[in-house]
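We name chains A, B, ... by the order of the sequence lines, and we start the count at 1 in each one. Any value given below was found using the heavy atoms of this structure, including those in side chains, with hydrogens, waters and symmetry copies removed.
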Amino acid sequence: MSAVSDLEAQLRAQGVIPADAPAASEQTTDRPWFVALLQGVAGWLAGIFLLVFAGMTLKLESGVALFLLGAPLLAAAWFMYHADRHAVFLDQFALAMSIAGQIALTASVNMHHGTGLSIAATALIVQLIVLSVMPNKAARTLAALFAAIAWIYTARFLLLPASADDLVFGEGGHALAYRGWMIPVHWLLTWIPLLALAHWLIRQESRWTASKLRVFARPMLTGLLLALPLGGLEATAINPLGFAVQPVAMPLTWWALFPLLNVALCMYAAYAAFLIRSNWLSGSAVLGAMLHLSTFYYLYGTTLMWKSLIMASAGVALLIAGVALEHRKPGSGGTT
Amino acid sequence: MQPKLKRSELDGLAEFHSLDTRKVEILLQLADARPSRSDGLRFLANCLRIGGVLSLAAGLVFFVAANWSEIAVFGRFALVELVLVACAAMAVVKPPPAFVGRGALFLAFIATGALLALFGQTYQTGADVYELFLTWALLGLPLVVAAQWGVATAAWVMVLNVALLLYCGWHPTGGMLWAIFGSTRHPAQIILGAAWLNLALWFAFEFRRVSAVPDWVRRLMLSCAFVFGTWGGGLAITDIDFDLGRRTDPPALLALAAAMLAVGVYAMRRRTDVYPLAVVTGTFIIVSLVWLGTKLTFHDEGIFLLMALWLIGTSTAAGRILTVLARRWRAEVQA
């Protein structure tokens with residue numbers, strides 16, 4: 001007996017479903033996470049190639065032209081997803097077209113006068129539209145993830161207005177404008193809405209699973225639990241990675257240690273993933289924690305000696321808390 | 001415990017049987033989809049303890065990197081060595097698999113690397129950075145073996161791969177590895193050598209399963225192998241040498257093909273996990289995309305359409321095959 005049949009038998013025995021209820025089809029469209037990742041990355045890259053091809057062929061030089069390309073691409077993606085709901089054949093093509101359409105639409109609005117804030121806000125709106133209308137779980141999950149990242153950028157540029165170039169290549173001297181009080185405000189503004197939404201979705205899981213909202217809520221939860229640990233690596237102004245180089249002249253202040261709280265975000269994401277029994281989301285949270293710790297190493301604003309003391313103190317505190325929790329329950333064992 | 005059914009399958013059941021909120025609660029309980037309070041506490045306790053050990057290790061590394069001038073050379077060495085001795089003593093008193101022993105041996109492994117870094121930093125030995133990591137991996141191996149812990153094994157795998165990455169990436173002309181492989185002028189072959197080293201480890205622990213090398217660590221080894229494999233394959237196809245201009249490298253491509261074939265055949269025979277096949281497929285898609293790019297000139301905009309279509313086609317086929325295999329093998333395991 002398969003796991004689905006086994007569970008249905010238990011549901012019948014408990015009177016949750018009628019004894020003569022038909023058996024559910026065991027056909028599922030679900031893929032292992034690494035297959036979804038492979039297809040997502042490939043679709044995203046293909047979307048960029050498609051857009052470059054269209055841009056070079058059609059000589060798109062105005063925002064209107066980009067809009068006239070992006071909107072039909074998104075519409076075509078919707079039709080493909082809609083026509084092919086129970087198979088995967090057209091899904092990849094639809095994903096690539098959808099990505100190309102999203103980038104084209106965002107670029108069309110910000111082509112000549114875009115600021116960091118306007119680009120991030122447009123991307124957020126486009127992603128929310130895609131999340132709402134695309135009839136495909138993978139497309140909605142990607143949209144939820146990108147929407148959360150767009151929100152992180154939006155919050156960043158709300159407090160620190162900057163040019164479009166700073167979206168990827170760092171805030172340059174703009175972080176110098178960071179006053180102490182802005183750092184906690186920025187962190188809270190960025191993360192509290194995302195944390196609250198993730199927490200609410202987990203608490204209300206049985207409620208939305210029982211309604212049609214599940215088609216939106218499940219991708220939103222997955223996207224959020226990916227964005228919490230990984231979204232802040234590049235997008236927040238005071239937690240640089242890659243191109244976003246922290247300015248050397250940032251004053252020495254204990255506020256510079258604030259990004260270490262992002263490790264706490266990762267721990268929350270790992271626990272939330274555990275609550276919904278998702279090992280791969282827990283793994284991504286652990287990866288995020290490691291990456292945040294390595295960015296903390298390179299963070300200017302305080303000395304390595306202070307960082308060393310902070311990490312050692314945190315280590316002792318965590319160990320004490322862990323051992324105390326361990327002693328609260330019977331039957332504890334080692335981990336492998 | 002990982003439940004038998006995924007959330008998407010439970011969503012499907014709830015939709016199919018039109019379950020209300022109360023019935024979904026029962027469904028989630030029956031499917032063991034919600035951890036109990038004691039499960040949650042156990043998870044949190046493990047997270048906090050592992051986080052604590054990792055934080056202490058980071059504190060030690062940061063301390064050595066700080067190069068605190070107010071402590072004399074003797075004092076700096078004494079501090080790190082004291083940590084090492086204290087960890088060893090703790091591991092003797094509470095040996096693995098007790099968490100104290102595992103954590104202590106993990107910290108001892110990190111302290112070994114910190115001590116080597118301090119040695120290089122203090123005496124300016126002139127050694128390449130890859131030598132530091134390689135020596136660390138070699139000297140730390142007994143500690144990792146003694147720890148019998150997946151986290152420690154994963155850390156060792158990462159240290160080894162950082163050494164290999166530094167060696168392959170910087171193409172240094174000195175040090176231990178250079179003495180052995182210095183005669184070859186084909187960087188892709190060296191990179192494929194790094195891939196095969198990881199692959200050898202993966203095969204070894206596939207055939208001889210030990211609890212200190214759990215599934216996720218074996219996947220880490222395999223991923224590292226094919227990161228190097230993809231890199232080497234791309235280099236071999238684009239014919240780019242570090243310092244000798246362009247030259248073809250069929251042996252490197254053969255080594256990559258052999259690696260892909262070996263992993264593919266093994267996974268198909270074992271019929272338990274499609275992850276190895278997914279990694280092989282990912283490498284194939286990237287390397288073939290690179291090959292496609294070399295066949296067309298950049299002045300031809302059609303290259304981008306062709307590359308997009310190739311990506312869509314290969315990833316669709318890969319996704320379809322891998323998903324079908326995953327379902328089939330899962331059903332076989334359940335049966």
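Using a 4.5 Å cut-off between heavy atoms, B/L13 contacts chain A through its side chain alone, with no backbone atom that close. Proximity to chain A (any heavy atom under 4.5 Å) is restricted, for B/A326, to the side chain, taken from C-beta onward. Looking at A/A96, only its side chain comes within 4.5 Å of chain B, counting heavy atoms on both sides. In this structure, chain B has a heavy atom under 4.5 Å from the side chain of A/I17, while its backbone stays farther away. Looking at A/A23, the atoms closer than 4.5 Å to chain B (heavy atoms on both sides) all sit in the backbone: N, CA, C or O. Only the side chain of A/Q14 comes within contact range of chain B, judged by heavy atoms closer than 4.5 Å. Residue contact with chain A, scored on non-hydrogen atoms closer than 4.5 Å, is absent for B/V213. Heavy atoms of A/V35 lying under 4.5 Å from chain B belong exclusively to its side chain. Looking at B/L19, both its backbone and its side chain come within 4.5 Å of chain A, counting heavy atoms on both sides. Proximity to chain A is limited to the side chain of B/L289, based on heavy atoms less than 4.5 angstrom apart. The parts of A/P22 that come within reach of chain B are both its backbone and its side chain, each placing non-hydrogen atoms under 4.5 angstrom from that chain.
By the neighbour-count criterion of 12 heavy atoms within 6.0 Å, atom CH2 of B/W310 is sparsely surrounded, having that number or fewer from other residues, nucleotides or ligands. Heavy atoms from other residues, nucleotides or ligands lying under 6.0 Å from CZ of B/R209 number more than 12. Atom CH2 of A/W44 sits in a sparse spot, with 12 or fewer heavy atoms from other residues, nucleotides or ligands closer than 6.0 Å. Enclosure of atom CZ in A/R207 is not indicated, since only 12 or fewer non-hydrogen atoms of other residues, nucleotides or ligands lie within 6.0 angstrom.
Options B/E15, B/E25, B/R22, B/M307 differ in how many heavy-atom pairs under 4.5 Å they form with chain A, and the most are formed by B/E15. For chain B, the option among A/T209, A/V41, A/L309, A/L45 with the highest count of heavy-atom pairs below 4.5 Å is A/T209. When the candidates A/G283, A/P32, A/G47, A/S313 are compared by the number of heavy-atom contacts under 4.5 Å with chain B, A/P32 comes out ahead. Among A/L37, A/V316, A/L38, A/V286, the residue making the largest number of heavy-atom pairs under 4.5 Å with chain B is A/L38. Your options are B/V274, B/T281, B/I285, B/L322, and the one with the most heavy-atom pairs under 4.5 Å with chain A is B/V274. Most heavy-atom pairs under 4.5 Å with chain A, from the set B/L10, B/L309, B/D20, B/L27: that is B/L27.
Classified by interplanar angle (parallel below 30°, tilted 30° to 60°, perpendicular above 60°), the ring pair A/W280/A/W33 is parallel. Ring orientation note: the planes of A/F34 and B/Y275 are nearly perpendicular, at an angle over 60° on the 30°/60° scale.
A salt bridge between A/R218 and A/E205 is present, with a side-chain N of the basic residue lying under 4.0 Å from a carboxylate O of the acidic one.
Ring centroid separation for the pair A/W306 and B/F62 does not come in under the 6.0 Å cut-off.
One N or O on the side chain of A/Q39 and one on the backbone of B/S315 form a donor-acceptor pair closer than 3.5 Å. Of the possible donor and acceptor atoms, none in the side chain of A/R12 sits under 3.5 Å from a partner among the backbone N and O of A/D20.
Using a 3.5 Å distance cut-off with no hydrogens or angles, the side chains of A/S282 and A/N279 do not pair a donor with an acceptor.
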